[in-house]
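To start, the structure under review is shown below, and the notes come after it.
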Amino acid sequence: MAIAAVRHAQVVDALGRGGYEEALAWAGRVSPLGTLPYRSHHGPAMVMDVVEAAVRCGRADQVQAHLDAARRAELWRVSSRIALLVAGAEALCAPDEERATRFEEALSTDGAARWPFAYARVQLLYGEWLRRARDVMRARDQLWPALRALEALGAAPWAERARNELRATGLQVTHAGEKGALLTPQEAQIATLAGAGLTNKQIGERLNLSHRTVGSHLYKIFPKLGITSRAALRDALAAASSGADSARPPIA
């Protein structure tokens, strides 16, 4: 039991660092691809770990046996956490035309929010796929909360993975606790107007921009100010304008 727990921790650590072959090797000592041993709870708990590692290692043809074993065992009955992990694994392997729906279903699993690390990992997988599918805005919708959750949990390798994915969407992303990147003059103006309660359409009319352009700017502004929604803009701007080092929102 204790050895299985150590192996599981090694698998999770390797996955977070992008060491997929290493993760699959460690996983094979507890839950080999295609089998679900029950000598401990770690076999069922490693379903998504094994599937992700195998997919990343180009062994997608062997993954189906693992998912079939999970279905036969009705793992979704074990707990909401296992149900979330199984659903996330199945979403990762779903056909492209079904994948978004399957990820949404996974994140809607009853009780899923009780398991922040597992939930953030599914969001990360979903966001990674959306980014590669060139659906940048929806990718950010998944990656940003995943990053903040992983940072809050102290899961540094996983947070860095989410951070890199967000950067790949064009956002400037800082580490938690760091001062935000500089706002451009236009971003500062948009942030001020949004903080005052104006909609994207109203801001666009004032600044001669489309509402989509305004929305794109806000996606860049949020991480710079360390927030996740426009509802937090007013307080973030007030905080930025207090103190000797930040008399106003930083402007490049």
Query - Verdict with reasoning, Y219 to W144, per ring-ring contact (aromatic ring centres under 6.0 Å, His included) - result: CA-CA 10 Å; Y219 266 112; W144 182 245; 9.4 Å; no

**Report entry** Verdict with reasoning, D96 to W129, per side-chain contact (heavy atoms from CB on, under 4.5 Å)
**Finding:** CA-CA 9 Å; D96 283 348; W129 176 73; 3.8 Å; yes

Query - Donor-acceptor pair between T213 and S210 side chains, under 3.5 angstrom - result: yes

Query raised in the report: Shortest non-hydrogen contact from C93 to V63?
Result: SG-CG1, 3.5 Å

Query - Joint hydrophobic cluster, Y119 plus Y126, side-chain heavy atoms closer than 4.5 Å - result: yes

**Report entry** Salt-bridge criterion met for R163 and E160 (N-O under 4.0 Å)
**Finding:** yes

Query - Closest heavy-atom pair and its distance - L124, A162 - result: CD1-CA, 3.7 Å

Query raised in the report: With a 4.5 Å limit on heavy-atom distance, are the side chains of M48 and V86 in contact?
Result: no

Query raised in the report: Does S108 reach the main-chain N or O of E104 with its side chain, forming a donor-acceptor pair under 3.5 Å?
Result: yes

**Report entry** Value rounded to 0.5 Å, distance of CG in L143 from CG in L125
**Finding:** 10.0 Å

Query raised in the report: So does D135 pair up with R131, basic N to acidic O under 4.0 Å?
Result: no

Query raised in the report: So, R56 and E21, do they make that salt bridge, N to O below 4.0 Å?
Result: no

Requested in this report: Answer yes or no: is there a side-chain heavy-atom contact under 4.5 Å between D49 and L15?
Outcome: yes

Report task. If the plane angle is over 60° it's perpendicular, under 30° parallel, otherwise tilted; pick one for F117 and W158. Result -> perpendicular

Query raised in the report: Under a single-linkage definition using a 4.5 Å side-chain heavy-atom cutoff for Ile, Leu, Val, Met, Phe, Trp and Tyr, are V136 and L218 assigned to the same hydrophobic cluster?
Result: no

Report summary line: Here the gap from T169 atom OG1 to L130 atom CG, rounded to the nearest 0.5 Å, amounts to 11.5 Å

Query raised in the report: Rounded to the nearest 0.5 Å, how far does CG of N200 lie from CD1 of I190?
Result: 8.5 Å

**Report entry** Closest contact, heavy atoms only, V11 versus A23
**Finding:** CG2-O, 3.7 Å

Query raised in the report: Is there a donor-acceptor pair closer than 3.5 Å between any side-chain N or O of Q202 and the backbone N or O of T199?
Result: yes

Query raised in the report: Are side-chain heavy atoms of L207 and L193 found at a separation under 4.5 Å?
Result: yes

Query raised in the report: So, do E22 and Q10 sit near enough that their side-chain heavy atoms are less than 4.5 Å apart?
Result: no

Query - Closest contact, heavy atoms only, G88 versus V122 - result: CA-CG2, 4.2 Å

**Report entry** Heavy-atom neighbours of R212 CZ exceed 12 at 6.0 Å
**Finding:** no

Query - Salt bridge present between E187 and K220 (N-O < 4.0 angstrom) - result: no

Query - Residue pair L209, I203: steps toward the side-chain contact (heavy atoms from CB on, under 4.5 Å) verdict - result: CA-CA 8 Å; L209 299 171; I203 295 170; 5.8 Å; no

Requested in this report: Indicate yes or no: at least one non-hydrogen side-chain atom of E90 is less than 4.5 angstrom from one of V47.
Outcome: no

Query - Closest non-hydrogen atom pair, A120 against A146 - result: O-CB, 3.6 Å

Query raised in the report: So, do V214 and K201 sit near enough that their side-chain heavy atoms are less than 4.5 Å apart?
Result: no

Requested in this report: State, yes or no, whether a side-chain contact exists between Q123 and P145 at a heavy-atom distance under 4.5 Å.
Outcome: yes

Query raised in the report: With a 4.0 Å cut-off, would you call E165 and R140 a salt bridge?
Result: no

Query raised in the report: Under a 4.0 Å N-O cut-off, is there an ion pair linking R138 with D141?
Result: no

Report task. Show your working on side-chain hydrogen bond (donor to acceptor under 3.5 Å, both in side chains) between R161 and N164 and close with a plain yes or no. Result -> CA-CA 5 Å; R161 182 169 148 185; N164 288 335; over 6 Å; no

Query raised in the report: Just by distance, do the side chain of R99 and the backbone of A94 share a donor-acceptor pair under 3.5 Å?
Result: yes

Report task. List the steps and the verdict of side-chain contact (heavy atoms from CB on, under 4.5 Å) for S80 and R114. Result -> CA-CA 8 Å; S80 56; R114 292 175 52 205; 3.7 Å; yes

Report task. Before giving the answer on side-chain contact (heavy atoms from CB on, under 4.5 Å), spell out for I221 and L233 the whole-Å C-alpha distance, their side-chain angles and the decisive distance to 0.1 Å. Result -> CA-CA 9 Å; I221 290 166; L233 269 171; 4.3 Å; yes

Query raised in the report: If you look at every heavy atom in A87 and T109, which pair is closest and at what distance?
Result: CB-OG1, 4.2 Å

Requested in this report: Give a yes or no on whether a salt bridge exists between R59 and E52, defined as a side-chain N under 4.0 angstrom from a carboxylate O.
Outcome: no

